[in-house]
Number of protein chains: 2
Amino acid sequence: MSFFKGQEVFSIDNKGRVSIPAKMRKAISPEANDTFIITRGADKCVVAYPLNEWKKYEEQYSTLNQYDEKNRYFLRMILAWSEEVEIDGNQRISLSKKYLDFSGIDGKVVIVGMMDHIEFWNPEEFEKYLSNHDESYENVAAQVMRK
Amino acid sequence: MSFFKGQEVFSIDNKGRVSIPAKMRKAISPEANDTFIITRGADKCVVAYPLNEWKKYEEQYSTLNQYDEKNRYFLRMILAWSEEVEIDGNQRISLSKKYLDFSGIDGKVVIVGMMDHIEFWNPEEFEKYLSNHDESYENVAAQVMRK
DNA sequence: ATAAAAGTGGGTAAAAGTGGGTGATTGAGG
DNA sequence: CCTCAATCACCCACTTTTACCCACTTTTAT
């Protein structure tokens with residue numbers, strides 16, 4: 001199982017191409033078959049799951065009853081935003097326009113490793129996100145990790 | 001098994017022809033034999049099942065008790081609206097008039113991958129559908145994916 | 001210090017998406 | 001039964017986007 005971590009600031013060129021940081025690349029399982037699934041994050045960022053990690057979610061989705069209205073809505077939201085991309089010969093993926101628009105990414109991008117996936121942020125948005133949390137890191141950590 | 005995903009905005013010409021998005025085309029199994037079954041969706045959209053996926057539903061349908069009035073209604077709605085089409089030399093299918101009328105599709109169409117099938121929406125109707133869901137995506141996601 | 005790997009940028013051939021013409025097929029009306 | 005119009009299948013043509021290759025600079029490893 002993959003476990004991504006770390007943070008990098010990389011360029012994104014005018015074709016939407018971003019390199020996958022070498023350190024994170026090492027965490028990709030061969031089962032991913034050089035393929036990522038891109039989708040929107042819960043926050044204002046774009047996320048990329050290696051194929052093998054994504055498949056775990058696919059399995060869950062397939063068990064949902066499509067005759068239920070709520071389930072259909074959920075599936076449409078998830079799936080409509082999802083797209084499969086392959087890593088090119090230069091270890092890059094390319095993000096299509098809708099993802100750049102959604103996240104406001106342009107020119108520079110912050111890449112964050114988040115365990116089973118990678119996140120792409122507009123650098124200013126990432127800054128803003130961090131500073132919007134008035135609670136101290138220690139406090140949140142204490143709450144989250146309470147047994 | 002096929003797994004469609006993604007969302008595209010494509011043109012539909014005055015002959016009713018729509019390209020199958022290349023990304024979704026890659027998810028079609030060869031068993032589908034370049035054939036789709038078109039029918040109406042549960043919502044105001046047109047749906048297309050690759051032949052092999054449709055056959056799974058056919059099996060389910062044939063187990064339904066036809067002496068039950070509700071079952072008969074359901075089967076008539078599904079089957080009366082179903083039609084088989086083949087992908088042409090340019091990777092397109094053509095939607096006959098009744099589907100365009102039902103869904104209000106004209107000129108532009110939103111194509112959504114939904115696991116075992118593809119959906120075709122009038123862009124405005126799709127917008128409306130999304131905005132009619134007052135519940136936030138996170139909320140629904142939390143409910144649906146609750147273990 | 002040098003070689004290898006990582007990150008960045010650009011050119012080009014192929015694929016994808018879109019539109020139209022034509023001859024065969026069908027089906028309604030005379 | 002025949003005719004004409006509408007529909008459809010097939011072919012070709014064009015534009016835009018994507019995939020693939022090469023090249024260069026910077027960083028890392030030995």
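Everything numeric in this text was worked out from a predicted model, so none of it was measured. Chain letters run A, B, ... following the sequence lines, proteins first and then strands; every chain starts at 1.
Contact between the side-chain N/O atoms of B:Ser11 and the OP1/OP2 oxygens of C:dT18 is found at a separation under 4.0 Å. Distances shorter than 4.0 Å separate some side-chain N or O of A:Arg25 from OP1 or OP2 on C:dA6.
Every residue meeting the side chain to side chain contact (heavy atoms under 4.5 Å, CB included) condition with B:Leu100, not counting sequence neighbours, appears here in chain and number order: B:Ile12, B:Leu95, B:Ile105.
Both A:Lys23 and B:Ala22 lie close to DNA chain C; mapped to their nearest nucleotides by heavy-atom distance, the more 5′-ward contact belongs to A:Lys23.
Residues A:Asp116 and A:Tyr57 have side chains that bring a donor and an acceptor to within less than 3.5 angstrom of each other.
Checked for salt-bridge contact, A:Lys56 and A:Glu59 miss the test: no charged N lies under 4.0 Å from a carboxylate O.
Ring centroids of A:His133 and A:Tyr137 are separated by 6.0 Å or more, keeping the two rings apart. Proximity of the aromatic rings of B:Phe36 and B:Tyr49 is defined here by a centroid distance below 6.0 angstrom, and this criterion is not met.
In this structure, A:Ile20 reaches the sugar-phosphate backbone alone: every heavy-atom distance under 4.0 Å involves primed, P, OP1 or OP2 atoms, never a base.
At least one cation-pi condition fails for A:Arg92 and A:Phe10: the charged atom is not both under 6.0 angstrom from the six-membered ring centre and inside a 45 degree cone around its axis.
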Dump the pairs, protein N or O against N or O of nucleotides 10-13 of chain D, anything under 3.5 Å, distances to one decimal.
residue: D:dC10; atom: N4; partner: B:Arg17; partner atom: NH1; Å: 3.4
residue: D:dC12; atom: N4; partner: B:Asn90; partner atom: ND2; Å: 2.9

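Going from atom CG of A:Asn14 over to atom C1' of C:dG11 covers 12 Å, rounded to whole Å.
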